[in-house]
Amino acid sequence: MKSQFNLSDYPLWTALVTPFDAENQVDFSALTTLVRDQEQARNGILLLGSTGEGLALTQQEQQQIVEFVCQLAPSVPLMVAVGGSNLEQQTQWVRFCNTQPIDALLLGSPIYAKPGKVGLTHWFSTLLDESHNPCMLYNVPGRSAVAIAPELLGELACHPNLWALKEASGDIATFEAFRQAAPDVAIYSGDDGLMPYFAQAGATGLVSVAANAWPQQTAEFVRRSLSGTSPNLFTTWSEAANSLFAVANPIPVKVLMHLQGKLTSPNLRPPLTHLELTHTDAITRANKTILSWN
């Protein structure tokens, strides 16, 4: 199923939160509003990533969310996350995604198992082979406990379905090593606060948590970062973005979106809880600062 979108036209992808109601069930009404907000900002949408608490949802909930958002037919591209540690289950998930009008997949490293290079190569190659859509690999050793090596990306770079890498190790040197190993693979920053620095090193764009709360402003900041303008805003942006990671993501951003009125509830799925964030002063200040940009 060929995408109607040119993915390179979308430098910002919002790793969309999954809204829950007071009973901790998926709030599809709020989800509609969130999708429309991203659509208005012209941001690509990533469903069921770590920010979307994908691994805390049942398979039925995951499928319902993908089918629901596809039925909304947003005028921006949709990417769906593939994560877990059971290769056969994830292969089946990719097959399901192949039946939906989505535009890309985010392929995470297997969690917990900590495979070596041979195991990682088999994991990614299997999922890339199965997909009917362009795929973005996701390097996030802080969550998966295993890092994608630059040489592994280099070996996979010739796969026709490998489109991009989301680099979230937080290390500029690692980013540069990926660029050297696979110069034709688009690399997106996976860290909101580091976007200005990754842009200077050749990043294509950003996969963002902050864009949930600030869709228009984050899109504008990504444009400025990629064009090298307004460097005086970089420190302000980093401080605001970092306030969203005071405790485990997506706790702060969901609390902020509840304060903004975007979510009816700040609820998360256990083991995450909004009660971890005991003070909201920092995110409230950040919200005021970013929204003042207009």
Side-chain angles (χ1 to χ4, degrees), residues 12-57 61 65 68-69 72 74 76 143 168 190-195 206-222 233-294:
L12 174 59
W13 291 78
T14 302
L16 203 68
V17 301
T18 299
F20 299 121
D21 60 22
E23 284 71 46
N24 228 16
Q25 300 302 303
V26 178
D27 185 341
F28 287 98
S29 177
L31 181 58
T32 300
T33 301
L34 298 184
V35 168
R36 296 308 183 204
D37 285 348
Q38 298 302 326
E39 186 179 33
Q40 185 175 14
R42 305 300 301 156
N43 301 334
I45 296 172
L46 167 62
L47 299 174
L48 305 178
S50 51
T51 304
E53 300 173 78
L55 295 180
L57 300 166
E61 288 174 324
I65 288 170
F68 181 83
V69 175
L72 294 176
V76 294
R143 284 189 181 266
D191 292 284
D192 280 282
L194 293 178
M195 178 57 200
L206 171 68
V207 181
S208 174
V209 174
N212 280 283
W214 309 309
Q216 301 279 0
Q217 291 82 4
T218 307
E220 176 61 24
F221 190 76
V222 169
L233 290 179
F234 288 0
T235 300
T236 302
W237 168 261
S238 293
E239 290 175 355
N242 289 340
S243 74
L244 300 179
F245 299 91
V247 293
N249 176 53
I251 296 171
V253 74
K254 291 190 89 170
V255 171
L256 175 56
M257 293 171 76
H258 178 58
L259 294 173
Q260 291 176 323
K262 294 177 183 284
L263 299 179
T264 59
S265 162
N267 284 350
L268 297 97
R269 285 285 172 86
L272 296 183
T273 170
H274 67 279
L275 299 177
E276 297 280 3
L277 190 66
T278 55
H279 300 286
T280 60
D281 294 353
I283 58 173
T284 301
R285 277 196 309 272
N287 188 55
K288 183 178 181 180
T289 297
I290 299 303
L291 292 183
S292 71
W293 290 359
N294 296 324

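All residue numbers in this chain count up from 1 along the given sequence.
A side chain to side chain contact (heavy atoms under 4.5 Å, CB included) with Val17 is found for exactly one of Asn249, Val209, Thr51, Leu268, namely Thr51.
Going from atom CG of Leu256 over to atom OG1 of Thr284 covers 7.0 Å, rounded to the nearest 0.5 Å. Rounded to the nearest 0.5 Å, atoms OG (Ser265) and CD (Gln25) are 11.5 Å apart. Interatomic distance, CD of Gln216 versus CG of Leu291, reported as 11.0 Å (0.5 Å rounding). Here CD of Gln217 is found 8.5 Å from CG of Asn287. Values are rounded to the nearest 0.5 Å. Asn267 contributes atom CG, which lies 9.0 Å from atom CG of Leu275 (distance to the nearest 0.5 angstrom). Rounding to the nearest 0.5 angstrom, the gap separating the CG atom in Leu57 from the CD atom in Glu53 is 7.0 Å.
A donor-acceptor distance shorter than 3.5 angstrom exists from the side chain of Gln38 to the backbone of Ala211, with no hydrogens or angles considered. With hydrogens and angles disregarded, a donor-acceptor distance shorter than 3.5 Å links the side chain of Asp192 to the backbone of Ala210. A distance-only check finds a donor-acceptor pair linking the side chain of His258 to the backbone of Leu263 [under 3.5 Å]. For Lys254 (side chain) and Thr18 (main-chain N/O), a donor-acceptor pair under 3.5 Å exists by modelled atom type. A donor-acceptor distance shorter than 3.5 angstrom exists from the side chain of Asn212 to the backbone of Ala15, with no hydrogens or angles considered.
Nearest heavy-atom pair across Val247 and Leu277 is CG2-CD1, 4.1 Å. Nearest heavy atoms, Trp13 versus Ile45: CE3-N, 3.5 Å. The two residues Ser238 and Gly193 make their nearest non-hydrogen contact at OG-O, 3.0 Å. Heavy atoms only, all atoms of each residue included: Arg269 and Asn24 are closest at NH2-O, 3.0 Å. Here the closest heavy-atom approach between residue Leu34 and residue Met257 is recorded as CD2-CE, 3.6 Å. Nearest heavy atoms, Asn43 versus Ala219: OD1-CB, 3.5 Å.
Within the structure, the ring-ring contact (aromatic ring centres under 6.0 Å, His included) test picks out the following pairs touching residues 17-40 (sequence neighbours left out): Phe28-Phe68.
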Given the rule in the side-chain contact (heavy atoms from CB on, under 4.5 Å) test, do Lys262 and Thr33 qualify, once you have shown the distances and angles that lead to the verdict? CA-CA 8 Å; Lys262 294 177 183 284; Thr33 301; over 6 Å; no

Quick one: do Ile283 and Leu259 satisfy side-chain contact (heavy atoms from CB on, under 4.5 Å)? Show the steps, please. CA-CA 10 Å; Ile283 58 173; Leu259 294 173; 4.3 Å; yes

Show your reasoning for whether side-chain contact (heavy atoms from CB on, under 4.5 Å) applies to Glu239 and Thr235. CA-CA 6 Å; Glu239 290 175 355; Thr235 300; 3.7 Å; yes

Please determine whether side-chain contact (heavy atoms from CB on, under 4.5 Å) holds for the pair Val35 and Leu16, giving the CA-CA distance in whole Å, both sets of side-chain angles, and the decisive distance to 0.1 Å. CA-CA 8 Å; Val35 168; Leu16 203 68; 4.1 Å; yes

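Side chains of Thr264 and Asp27: a donor-acceptor N/O pair is present below 3.5 angstrom, by distance only.
Residue Gln260 qualifies as enclosed at atom CD: its count of foreign heavy atoms under 6.0 Å is above 12.
Considering only residues two or more places apart in sequence or on other chains, Asn242 meets the side-chain hydrogen bond (donor to acceptor under 3.5 Å, both in side chains) condition with none of them.
Two residues are said to be in side-chain contact when any heavy atoms from C-beta on lie closer than 4.5 Å; Thr14 and Pro215 fail this criterion.
The aromatic rings of Trp237 and Trp214 lie perpendicular to each other, with more than 60° between the two planes, well past the 30° mark.
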